[in-house]
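Index from 1, following the sequence.
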Amino acid sequence: REENLYKIARVSDDEMLIVGAGGVALRASAAGLREVPVSVRASDNRLFTASCRDDGTCFAVGGAGSGLMLVGEPLGDAGMSSAPLGEELSGLNGVWVQDRANVFAVGVNGTNLHTNGLSRFVGRASTPATLHGVGGWSTPEETVVLAVGGELGEPTTTQRGVVLVRESSSRAVYTFDGRTFTAEGELRRSVGGRGQ
């Protein structure tokens, strides 16, 4: 297929999931590439990135004008289908699977989504900037989620990168690249999960 490919995610030790424009999802292994069946809308169907759990369940996000999320096991025959987002969201650019109960997605106009697969919480946008990626770490003591972004298409002299921090402790001071910042904003409510 003549479509751009955007990102690759680890599914298991010997298999990867590749996503791209036109709703393309490919399974990559030593045996070669195989197209994964997906259920996506006909238009605005670009998949920008993916993240997978240890059990092989993957989430892929995209959509430029409105958010699109797919969920499924790309190693099986069933493929991936649209996850119900429940409301119209701006396009999604990044997704991170923390564990079985917590998936975070970010996108255009500061869109941020937290889901456990059954219920979901769409946070108030803390920035008008586009968020491009999300990731984090979890220990028994705390869970930290970082979302990063900034505008790519309209750079100005006042444009700055954006880092959003979500964690389970009450720490309000962070150090980035040797500079200390005091967090601003409000505590988000949770959809559940460990340490939240």
Donor-acceptor pair, [X] side chain versus [Y] backbone, under 3.5 Å?
X      : Y      : answer
Asp44  : Ala64  : yes
Thr115 : Val103 : no
His132 : Gly107 : no
Asn102 : Asp99  : no

Rounded to the nearest 0.5 Å, what separates atom [atom1] in [X] from atom [atom2] in [Y]?
X      : Y      : atom1 : atom2 : value
Ser90  : Leu113 : OG    : CG    : 11.5 Å
Ile18  : Leu47  : CD1   : CG    : 12.5 Å
Trp137 : Gln98  : CH2   : CD    : 11.5 Å
Leu17  : Ser29  : CG    : OG    : 12.0 Å
Asn93  : Arg46  : CG    : CZ    : 9.5 Å
Phe104 : Ser51  : CZ    : OG    : 11.5 Å

List the atom of [X], the atom of [Y], and the distance in Å for their closest heavy-atom pair.
X     : Y      : result
Met69 : Ala105 : CE-CB, 3.9 Å
Ala28 : Leu33  : CB-CD2, 3.5 Å
Ala9  : Ala50  : CB-O, 3.5 Å

Residues Leu164, Leu131; criterion side chain to side chain contact (heavy atoms under 4.5 Å, CB included); working and verdict: CA-CA 9 Å; Leu164 298 181; Leu131 299 172; 3.8 Å; yes
Crowded around Arg27 CZ? As in, over 12 foreign heavy atoms under 6.0 Å? yes
Do [X] and [Y] sit in the same hydrophobic cluster, where Ile, Leu, Val, Met, Phe, Trp and Tyr count as joined when their side-chain heavy atoms come under 4.5 Å apart?
X      : Y      : result
Val106 : Val162 : yes
Val36  : Leu26  : no
Val38  : Val11  : yes
Met16  : Val24  : yes
Val19  : Leu5   : no

What do the steps show when you test Val145 against Val134 for side chain to side chain contact (heavy atoms under 4.5 Å, CB included), and what is the final call? CA-CA 7 Å; Val145 181; Val134 61; 3.7 Å; yes
Give the C-alpha distance, both sets of side-chain angles, the deciding distance and a yes or no for side chain to side chain contact (heavy atoms under 4.5 Å, CB included) between Val40 and Leu68. CA-CA 8 Å; Val40 294; Leu68 170 65; 4.2 Å; yes
Which ILVMFWY residues are connected to Phe48, directly or by a chain of links, through side-chain heavy atoms under 4.5 Å apart? Tyr6
Less than 3.5 Å apart, any donor N or O on the side chain of [X] or [Y] sitting next to an acceptor on the other?
X      : Y      : result
Asn109 : Thr111 : no
Ser81  : Ser39  : no
Ser12  : Asp14  : yes

Are Arg100 and Asp55 close enough that some pair of their side-chain heavy atoms sits under 4.5 Å apart? yes
Met80 vs Cys58, side chain to side chain contact (heavy atoms under 4.5 Å, CB included): CA-CA, chis, key distance, verdict: CA-CA 8 Å; Met80 301 179 75; Cys58 296; 4.0 Å; yes
